[in-house]
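All values below were derived from every heavy atom in this structure, side-chain atoms included, with hydrogens, water molecules and symmetry-related copies excluded. Note that the structure is predicted; figures quoted are calculated from it, not measured.
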Amino acid sequence: QCVNESRALANELARGNLDTTITISPGNDIASGLKNLQSTLKHISWQVKQVAKGDYHQKLSFAGSFSESINDMIEQLKERDQALHAEIEINQQVAFYDTLTSSYSRHYGMLTFERWLTEKQSFVVAFVDLDGLKYVNDTLGHTVGDEYILSTAQILTGFGDETIICRLGGDEFMLLIRGLSLEQSRESLEEMRERLAESFDGGYYRSFSYGLVEVDKDNTRSASLLLSIADECMYDDKRGRKKERRAEA
């Protein structure tokens, strides 16, 4: 009977059935080693599951050389996981931030734009375009042009933490402004435009043009359409200001 019980238990363990409930008679010393093995394997299985969940503090100390192999594997997984997280963080920095201005990237801006629309938030979209950047780059060099872009980005941060500022590329910025009405956003941008012009007394004119679109919780327009409308409003602003300067001249 003891041999049959031990054989049945060994067969179940060989199949990987660690939760087997085969009854072992009292005093069956033949099966005691197998029962200990079953208990050990069940604990190892639990620890491996914990490691799979990201708990790399698990260590085996009761299974001899097998413990060493498992512990080495856990340590390697921990190192790879740390390296992966570091790589993800670097990739997020590249994907979510503009390297020149440290403002958000187009990718991050559009993700946030779409999320706010899905959440039915109320906000203002601003499309900002630097005036005369091509002239600055062509005549004074891209280093001066980069300073122009950076100065503009720094002034736009005056909206505060509630506003998402992203560089769409080149001379274009998109702002997602929360907590301000359309008119308040316009007043802030007018003030910032004056500050940008006053902050520099060099060989070129510093300014920007902008367009605004208000978004409410009942909005049904897509992010691309809203941005296109803001872009058109920006060009209206740019054309109107050019006419004013010509009239003054």
Query raised in the report: Do Lys78 and Asp81 meet the salt-bridge criterion of a basic N to acidic O distance under 4.0 Å?
Result: no
Requested in this report: Count the heavy atoms of every other residue, nucleotide or ligand shown that sit under 6.0 Å from NZ of Lys134, and state whether that count exceeds 12.
Outcome: no
Query raised in the report: Taking only residues two or more places apart in sequence, or in another chain, which ones meet Tyr210 in a ring-ring contact (aromatic ring centres under 6.0 Å, His included)?
Result: none
Query - Test item: Leu212 and Cys233 side chains (from C-beta on) under 4.5 Å apart, heavy atoms - result: no
Query - salt bridge (charged side-chain N to carboxylate O under 4.0 Å, His left out) assessment of Lys42 paired with Asp19 - result: CA-CA 8 Å; Lys42 288 183 69 172; Asp19 294 320; 3.5 Å; yes
Query - From CA spacing to verdict: side chain to side chain contact (heavy atoms under 4.5 Å, CB included), Leu176, Ile165 - result: CA-CA 7 Å; Leu176 305 177; Ile165 302 171; over 6 Å; no
Requested in this report: For Asp216 and Ser122, work out which heavy atoms get closest and say how close.
Outcome: CA-OG, 3.8 Å
**Report entry** Nearest heavy atoms of Leu196 and Ile155, plus distance in Å
**Finding:** CA-CD1, 3.4 Å
Requested in this report: Verify the cluster assignment for Tyr135 and Leu150: are they in a single hydrophobic cluster under the rule of side-chain heavy atoms below 4.5 Å apart?
Outcome: no
Query - Heavy-atom donor-acceptor pair, Arg193 side chain to Ser207 backbone, under 3.5 Å - result: no
Report task. Check step by step if side chain to side chain contact (heavy atoms under 4.5 Å, CB included) holds for Phe113 and Val125. Result -> CA-CA 9 Å; Phe113 199 169; Val125 183; 3.5 Å; yes
Report task. Check the angle between the aromatic planes of Tyr108 and Tyr97 and answer parallel, tilted or perpendicular using the 30° and 60° thresholds. Result -> parallel
Query raised in the report: Nearest heavy-atom pair of Leu130 and Lys238: which atoms, and what distance?
Result: O-NZ, 3.7 Å
Report summary line: d(Ile177 CD1, Leu175 CG) to nearest 0.5 Å is 5.0 Å
Query raised in the report: Are any of the side-chain nitrogens in Glu183 or Arg186 under 4.0 Å away from the carboxylate oxygens of its partner?
Result: yes
Query - Heavy-atom check, side chain of Ile44 versus side chain of Val48, under 4.5 Å - result: yes
Report task. Group every Ile, Leu, Val, Met, Phe, Trp and Tyr by side-chain heavy-atom contacts under 4.5 Å, then state whether Ile24 and Ile30 land in the same group. Result -> no
Requested in this report: Start with the C-alpha gap between Arg195 and Glu191, add the side-chain angles, then the distance that decides, and say whether salt bridge (charged side-chain N to carboxylate O under 4.0 Å, His left out) holds.
Outcome: CA-CA 6 Å; Arg195 284 172 50 202; Glu191 179 185 346; 5.0 Å; no
Query raised in the report: Is it true that a side-chain atom of Asn219 and a backbone atom of Val215 form a donor plus acceptor pair closer than 3.5 Å?
Result: no
Query - Pair Ser209-Asp131, side-chain donor/acceptor within less than 3.5 Å - result: yes
Query - Exercise: do Asn4 and Gln1 side chains pair donor with acceptor under 3.5 Å - result: no
Query raised in the report: Do Gln47 and Gln58 have side-chain N/O donor and acceptor atoms under 3.5 Å apart?
Result: yes
Query raised in the report: Is any side-chain heavy atom of Ser45 less than 4.5 Å from a side-chain heavy atom of Leu18?
Result: yes
Query raised in the report: How long is the span from the CG atom in Asp129 to the CE atom in Met174, to the nearest 0.5 Å?
Result: 14.5 Å
Query raised in the report: How long is the span from the OG1 atom in Thr112 to the OH atom in Tyr104, to the nearest 0.5 Å?
Result: 7.5 Å
Report task. Specify the closest pair of heavy atoms between Phe159 and Ser188, including all atoms of both residues, with the distance to one decimal. Result -> CE2-CB, 3.6 Å
Query raised in the report: Between the side chains of Arg15 and Asn17, does any donor sit under 3.5 Å from an acceptor?
Result: no
Query raised in the report: Considering residues at least two apart in sequence or located in another chain, which fulfil the ring-ring contact (aromatic ring centres under 6.0 Å, His included) criterion with Tyr148?
Result: Tyr204
Report task. Report yes or no: do Trp46 and Ile74 belong to one cluster of Ile/Leu/Val/Met/Phe/Trp/Tyr joined by side chain heavy-atom distances under 4.5 Å? Result -> no
Query - Contact check, side chains of Ile149 and Arg167, non-hydrogen atoms, under 4.5 Å - result: yes
Query raised in the report: So, Ser39 side chain and Asn36 main chain: donor-acceptor pair closer than 3.5 Å or not?
Result: no
Report task. List the steps, then state whether side chain to side chain contact (heavy atoms under 4.5 Å, CB included) holds for Leu13 with Leu9. Result -> CA-CA 6 Å; Leu13 294 181; Leu9 178 57; 4.3 Å; yes
Query raised in the report: When rounded to the nearest 0.5 angstrom, what is the spacing between CD in Gln82 and CG in Leu77?
Result: 11.0 Å
Query raised in the report: Just by modelled atom types, is the Ser25 backbone N or O under 3.5 Å from a matching donor or acceptor in the Glu5 side chain?
Result: yes
Requested in this report: Check whether any side-chain heavy atom of Leu117 sits under 4.5 Å from a side-chain heavy atom of Phe123, and report yes or no.
Outcome: yes
**Report entry** Neighbour count >12 (heavy atoms, 6.0 Å) for atom OH, Tyr205
**Finding:** yes
Report task. Before accepting this row, confirm whether a basic side-chain N of the pair Arg106/Asp98 lies closer than 4.0 Å to the acidic partner's carboxylate O. Result -> no
Query - Euclidean distance, Leu226 CG relative to Asp231 CG, rounded to 0.5 Å - result: 12.5 Å
Report summary line: Value for CZ (Arg241) from CZ (Phe208), rounded to nearest 0.5 Å, stands at 8.5 Å
Query raised in the report: Does anything in residues 170-181 pair up under side chain to side chain donor-acceptor pair (under 3.5 Å), and if so which pairs, sequence neighbours excluded?
Result: Gln121-Arg178, Ser181-Gln184
**Report entry** Stepwise side chain to side chain contact (heavy atoms under 4.5 Å, CB included) check, Arg80 with Glu75
**Finding:** CA-CA 9 Å; Arg80 291 178 185 177; Glu75 193 62 33; over 6 Å; no
**Report entry** Shortest non-hydrogen contact from Met110 toward Ala223
**Finding:** CE-CB, 4.1 Å
Query raised in the report: Which heavy-atom pair separates Cys166 from Gly109 by the least distance, and what is that distance?
Result: SG-CA, 3.5 Å
Query raised in the report: Heavy-atom distance under 4.5 Å between the side chains of Ile70 and Lys59, does that happen here?
Result: no
Query raised in the report: Would you say the side chain of Leu100 lies within less than 4.5 Å of the side chain of Asp146, judging by non-hydrogen atoms?
Result: yes
